[in-house]
Structure formats: structure tokens, C-alpha cells
Amino acid sequence: AEDMEYRLRTGQVVDESIYPVVPHMRSEESRLHTFSTWPLTAPVSPCDLAQAGLYYLGQCDQVQCFCCGGTLADWEIGDSAWAEHSKHFPFCFFILGHDVGNIPFQG
Ligand SMILES: [Zn+2]
């Protein structure tokens, strides 16, 4: 993986498969902003969801990953954003820890 990342940085190889599906949601802060209408009854917090690469699609409790494009909904009490994301989309490059351009929240 390191070798591939190096070559991508230097522009020798363009492997679009590691690029995020929704590039404008790479920033955790941007993702957090999408949760302004997040239902207060949902058992998972916007902070946890945004941190797990997810942003709100604006309907019910549907969220999407900026990286793999996978969508999750029907959150239940006890669910963890990161655990559900990795359970349903185990090959997501963000979940796998690749450098997909995520910009963590700076507070
Ligand atoms: Zn994902």
C-alpha cells in the first residue's frame, strides 16, 4: 500500500479505485454540517457518524460514506457508527485505513 501511495503522490500511477466516491465530503467538518436535521431520536450521534466517514443524506436516518459510497440506515440502540460501517463495508478504503484524503475535524 505504501508503494502505491507513493506512486500516486508522484503522479506515476492513477488508480481511481482508492479515490473517495464523494470527494466533497472528505472533510469531517463538512460531514458534520449535514447533520443539522438529523433526528434527535436516532441512537447514534452525528459526531460518531462523521468520524466514521459518514454524512447525512437528509432522509430518515440514512447516511453515506464519502469513501466507499455505501449507505447505512435503521440505526438501533447500541449500534456504533464505525462498527456498522466496517461490518457492512469491510473493504472500504477509509475503514481499511488507507489515505483517502480524509480531513479530520480540527475543533
Ligand atoms: Zn466506507
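Counting starts at 1 for both ligands and their atoms, in listed order. One-based numbering along the sequence shown. Predicted model only: the values in this text are computed from it and were never measured.
Contact between Asp48 and Ala81 at its shortest, heavy atoms only, is O-CB, 3.5 Å. Closest approach of His85 and Cys68 over heavy atoms only: NE2-SG, 3.8 Å. Residues Glu84 and Asp79 come closest through the heavy atom pair OE2-OD1, 3.6 Å. Scanning both residues, Tyr56 and Asp61, for their nearest heavy atoms gives CE1-CA, 4.2 Å.
Clustering of Ile, Leu, Val, Met, Phe, Trp and Tyr side chains at separations under 4.5 Å leaves Ile77 isolated, with no partner residue.
In the model, Tyr55 has a side-chain atom that pairs as donor or acceptor with a side-chain atom of Gln64 under 3.5 Å.
Protein N, O or S atom count below 2.8 Å of the Zn ion (ligand 1): the structure gives 4.
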